[in-house]
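Here is the structure we will look at, set down as structure tokens.
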Amino acid sequence: MKTFLTRSILGIFFGAFLSVAFTFLFIYASGAETLDAQIFVKNTLGSIFSGWFFTVSPLYFENEKLSLAQQTAAHFITVAILYFIVTFGLQWIPFSLRNALLVLLLFVVVYTIIWLSFYLYFRKQAEKLNAELAE
């Protein structure tokens, strides 16, 4: 429970930070002098929620009762569903069949790259630990 709460707080703060950072970039790049408060709040809440579920959902990988394939499937399904609800619900990307398929393809590619990176990193760490234990 402590891990869940710690990750929740980190995710909420990270999502809020990204929202503010992107808002500053938008203001700087576009020269906008005013912002629509309702849109800012809506997008900030979406970023906070996204930050939360992307930091809490890796807890699946700490459940030793599940195989790696089950952990990955549960994590992928969770983040994909929540991400698509936020993305299309807040109209970060306008919904159409073409956009949905394109975003799904991009999501799968990015997810696969990140998953493989973590997998290879942790496999290398395990090899190092095993080599040190063997000495």
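Treat the numbers as computed from the prediction; the structure is a model and nothing was measured.
Taking CG of Asp36 as the start and CG of Asn43 as the end, the distance is 9.5 Å to the nearest 0.5 Å. Between Ile77 atom CD1 and Ser57 atom OG the span is 12.5 Å, to the nearest 0.5 Å. Rounding to the nearest 0.5 Å gives a distance of 14.0 Å between CD1 of Ile12 and CZ of Arg7.
For Thr55, the side chain to side chain donor-acceptor pair (under 3.5 Å) criterion is met by no residue, not counting sequence neighbours. In this structure, Glu64 has no salt bridge (Lys or Arg N to Asp or Glu O under 4.0 Å) partners at least two apart in sequence or on a different chain. Under the ring pair (Phe, Tyr, Trp, His ring centres under 6.0 Å) criterion, Phe40 pairs with no residue at all, not counting sequence neighbours. For the side-chain contact (heavy atoms from CB on, under 4.5 Å) test, residues two or more places apart in sequence or in another chain that qualify with Gln70 are Leu66, Ser67.
Taken together through direct or relayed side-chain contacts under 4.5 Å among Ile, Leu, Val, Met, Phe, Trp and Tyr, Leu45 and Val86 form parts of separate hydrophobic clusters. Cluster membership for Ile9 and Ile48, using ILVMFWY side-chain heavy atoms within less than 4.5 angstrom, is not shared. A chain of hydrophobic side-chain contacts below 4.5 Å, direct or via other Ile, Leu, Val, Met, Phe, Trp or Tyr residues, connects Leu82 to Val108. Note on Phe49 and Val41: separate hydrophobic clusters, where clusters join Ile, Leu, Val, Met, Phe, Trp and Tyr whose side-chain heavy atoms are under 4.5 Å apart, directly or indirectly. In the hydrophobic clustering of this structure, Phe88 groups with Trp92; members are Ile, Leu, Val, Met, Phe, Trp, Tyr whose side-chain heavy atoms approach within less than 4.5 Å, directly or through other members.
For Phe76 and Phe107, the ring centers sit closer than 6.0 Å to each other.
Contact annotation: the side chain of Val56 approaches that of Trp52 to within less than 4.5 Å [non-hydrogen atoms, C-beta and beyond]. You'll find the side chain of Thr72 stays beyond 4.5 Å of the side chain of Tyr60, heavy atoms only. In this structure the side chain of Glu62 reaches within 4.5 angstrom of the side chain of Leu59, judged on heavy atoms.
Closest non-hydrogen pair, Ala74 versus Thr78, comes out as O-OG1, 2.8 Å. For the pair Phe95 and Ala100, the tightest heavy-atom approach, listed with the atom from each and the gap, is CE1-CB, 3.9 Å. Nearest heavy-atom pair, Gly46 versus Leu90, reported as atom, atom and distance to 0.1 Å: CA-CD1, 3.5 Å.
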Under 3.5 Å, which donor-acceptor pairs link side chains of residues 15-30 to any protein atom two or more places apart or in another chain?
{"from": "Ser19", "atom 1": "OG", "to": "Thr44", "atom 2": "OG1", "distance (Å)": "2.8"}
{"from": "Thr23", "atom 1": "OG1", "to": "Ser19", "atom 2": "O", "distance (Å)": "2.7"}
{"from": "Ser30", "atom 1": "OG", "to": "Phe26", "atom 2": "O", "distance (Å)": "2.7"}
{"from": "Ser30", "atom 1": "OG", "to": "Ala32", "atom 2": "N", "distance (Å)": "3.2"}

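Taking the six-membered ring where tryptophan is involved, the planes of Tyr111 and His75 are tilted, since the angle between them lies from 30° to 60°.
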Exercise. How far apart are the C-alpha atoms of Ile81 and Ile85, what are their side-chain angles, what is the distance that settles it, and do they pass the side-chain contact (heavy atoms from CB on, under 4.5 Å) test?
Worked result: CA-CA 6 Å; Ile81 289 171; Ile85 288 171; 3.8 Å; yes
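Remark: the backbone N or O of Ala126 is paired with a side-chain donor or acceptor of Asn130 at under 3.5 angstrom.
When hydrophobic residues (I, L, V, M, F, W, Y) are linked wherever their side-chain heavy atoms come within less than 4.5 Å, the members clustered with Leu106 are Val110, Ile114, Phe118, Tyr121, Phe122.
Counting heavy-atom neighbours within 6.0 Å of Phe54 CZ, excluding the residue itself, gives a total above 12. The number of heavy atoms from other shown groups lying within 6.0 Å of CD (Gln125) is above 12.
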